[in-house]
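Every heavy atom of this structure was used, including side-chain atoms; hydrogens, water molecules and symmetry mates were not.
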Amino acid sequence: FGSSLGSAPQHSPPACAERFPRVPPLATMANVPVESLSKEQQDELLCTYAALILHDDGAEVTPEAMNNLIKAAGCSVEGYWPMLMAKMIKNIGMDALIKMGGGGGGGGGAA
């Protein structure tokens with residue numbers, strides 16, 4: 001996952017963000033404005049959320065299942081993203097990936 005959020009080009013929010021006003025916007029979930037994410041970063045984020053939903057539901061994380069969720073949300077991603085994400089999850093395991101965590105800030109030091 002190590003995408004850089006440095007100088008990403010400006011993009012408008014994905015159409016799915018307007019379709020689901022009760023769902024917290026991706027900007028809230030990602031902790032950065034969605035407009036600052038590149039198309040690739042938005043696609044990666046959509047696939048990550050789709051994989052987490054499938055995993056949480058106890059369903060197999062497949063490219064087809066991820067695409068179905070993404071399309072049901074009114075969004076779309078480049079065709080290679082679900083395939084790559086599902087292959088990584090199959091090889092490493094979703095539980096192991098969740099335990100790895102992402103970048104993010106560290107906790108405070110021990111007193």
N/O donor-acceptor pairs under 3.5 Å from side chains in residues 55-66, not counting sequence neighbours:
unit_1 : atom_1 : unit_2 : atom_2 : d
His55  : NE2    : Asp95  : OD1    : 3.2
Thr62  : OG1    : Ala65  : N      : 3.0

How long is the gap from CE on Met85 to CG on Leu54, to the nearest 0.5 Å? 11.5 Å
How many angstroms lie between CD in Gln42 and CD in Glu78, if you round to the nearest 0.5 Å? 11.5 Å
Output for pair (Leu97 CG, Ile92 CD1), nearest 0.5 Å, gives 5.0 Å
Value rounded to 0.5 Å, distance of CG in Asp43 from OG in Ser76: 7.0 Å
To the nearest 0.5 Å, what is the distance between CH2 on Trp81 and CG on Asn67? 13.5 Å
Measuring from Cys75:SG to Leu69:CG, what's the distance to the nearest 0.5 Å? 11.0 Å
One pair to check against side chain to side chain contact (heavy atoms under 4.5 Å, CB included): Thr48 and Glu44. What are the steps and the verdict? CA-CA 6 Å; Thr48 300; Glu44 182 180 1; 4.3 Å; yes
Taking Pro82 as the fixed residue, which of Asn68, Leu46, Val77 is the one that meets the side chain to side chain contact (heavy atoms under 4.5 Å, CB included) rule? Val77
